[in-house]
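Order of appearance sets the numbers: ligands from 1, and atoms from 1 within every ligand. Residue numbers run from 1 in the order of the sequence given.
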Amino acid sequence: MSLKIDPAFIQPAEHRPKPTISGAGTIPLIDLSPLLHHQIPSDSSDPAIPNEISSLIAAIGAACRDWGFFQVINHGVDPQLLERIQKAVVEFFALPAEEKRKVKRDEVNPLGYYDSENTKNVRDWKEVLDLVNREYDDGLLVLKNRWPEYPPAMRKTCEEYISVVEKLSYKLVELISLSLNLPAKRLNGFFKDSSSYFRLNYYNPCPMPDLVMGVGRHKDSGALTVLYQDQVGGLDVKRKSDGEWVRVKPTSNSYIINVGDVIEVWTNQRYESVEHRASVNSEKARLSIPFFFLPTFSTNVKPLEELVSDENPAKYEEYNWREFVSSRLGSNFKKMDKENIQISHFKKTTI
Ligand SMILES: O=C(O)CCC(=O)C(=O)O
Ligand SMILES: [Fe+2]
């Protein structure tokens, strides 16, 4: 068999995508429609909480505990906005390479377009455009959006989309806080002027899909990821109960939510950040749009006081979010394998 692709993309044998389990036994599907009729309560001990809201909080808590992942429907994001953003993304990635490279990341600013990134030292079969909610520049760390000229609707659509998805992220974080018996807004302050960003992932068809990954196995380092995927499918999640890879079945107008490393630390590992990856196929391009809901740069991330005790001491060292992000980006992030720096570095080994 002659190799049709650059060997840099080839996964070691043990990490190649084997057939995955799909359908039953995959991540929970949660209906957010109770939020269309009821406010999120400020406290889980409030006796007036409607049953459907208590059940929703319990379902989210169980999903975070058992899976670290869940899918939501009836989330309130306008399907037409989702259509519009998908159209813009497809148009952008269809542009000639030289047009896309006009907005490529560079040595100072990691945002923008790139087509070459490694996960765990193997190249990912993907193209990406990264955009932040709020631009940031403290003299050393520069995060400035590079807006493509084409398609013309891109900027406005993305800005509209970011603000809508950020609102949904706050709601999810409030429900997660309630599921931990904390006040709904307990975590909200960590996200004021947050460093959140969103990523447009585009996976071209690959002639050898069994040897490569669109994104190799990894955990998300942020607090919460709110991901939209098209109908092609390819996201695999590592099932906590037995370590099997399961394929998330695309459900139209749904979001896939996962807990990232920051929530794992805040909850002192009650909710764990779970490995996932994106497979590719030989026929269809696939698109996914994760929104990474991240703390404010000044946040010192550590287990929440309410969730540690003498019996359950802190399992993680405190770390500063800005320092963490800068160390991951490094001085030459173009060549960096971001996955080499993980929160496991902050895990206390003594317990
Ligand atoms: O494309 C996907 O479904 C997953 C992407 C992902 O995990 C990421 O960008 O962090
Ligand atoms: Fe991810």
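Of the angles at the Fe ion (ligand 2), the one spanning NE2 of His218 and NE2 of His276 is 90° when given to 10°.
Within the 4.5 Å cutoff, the side chain of Trp245 has no heavy atoms near those of the Val237 side chain.
Nearest N/O/S atom of Asp220 relative to the Fe ion (ligand 2): this is OD1.
For Arg239 and Trp67, the positive end is not near the middle of the six-membered ring at less than 6.0 Å and at most 45° from its axis.
A heavy-atom separation below 4.0 Å is not found between Gln229 and ligand 1.
Residue Pro290 has at least one heavy-atom neighbour below 4.0 Å for each of these atoms of ligand 1: 9 (O). The Leu235 neighbourhood of ligand 1 comprises atoms 3 (O), 4 (C), with distances under 4.0 Å to a heavy atom of that residue. Every atom of ligand 1 is numbered from 1 in the order shown, and the set under 4.0 Å from a heavy atom of His276 is 7 (O). Taking every heavy atom of Ala278 and a limit of under 4.0 angstrom, the matching atoms of ligand 1 come to 1 (O), 2 (C).
Under the 3.5 Å distance criterion, the side-chain polar atoms of Asn320 are matched with a main-chain donor or acceptor of Glu323.
Nearest protein heavy-atom contact of atom 10 (O) of ligand 1 is His218 NE2, 3.1 Å. Ranking protein heavy atoms by distance to atom 9 (O) of ligand 1, first place goes to Asn201 ND2, 3.1 Å. Annotation: atom 3 (O) of ligand 1 to nearest protein heavy atom, Arg286 NH2, 2.7 Å.
In summary, Lys102 and Glu98 do not engage in a salt bridge, as defined by a charged side-chain N under 4.0 Å from a carboxylate O. Contact check on Arg65 versus Glu272 returns no salt bridge, with no Lys/Arg side-chain nitrogen under 4.0 Å from an Asp/Glu carboxylate oxygen. Ion pairing between Asp78 and Arg84 fails under the 4.0 Å rule for side-chain N and carboxylate O.
Using a 3.5 Å distance cut-off with no hydrogens or angles, the side chains of Glu127 and Tyr113 do pair a donor with an acceptor. Side chain to side chain, Glu275 and His218 fail the donor-acceptor criterion of an N or O pair below 3.5 Å.
Heavy-atom proximity to atom 1 (O) of ligand 1, evaluated over Tyr203, Phe198, Tyr202, is greatest for Tyr203.
Ring centers of Tyr150 and Phe92: at least 6.0 Å apart, outside the cut-off.
Residue Asp220 touches ligand 1 through its side chain alone, judged by heavy-atom distances below 4.0 Å. Here Arg277 has no heavy atoms under 4.0 Å from ligand 1, in either its backbone or its side chain.
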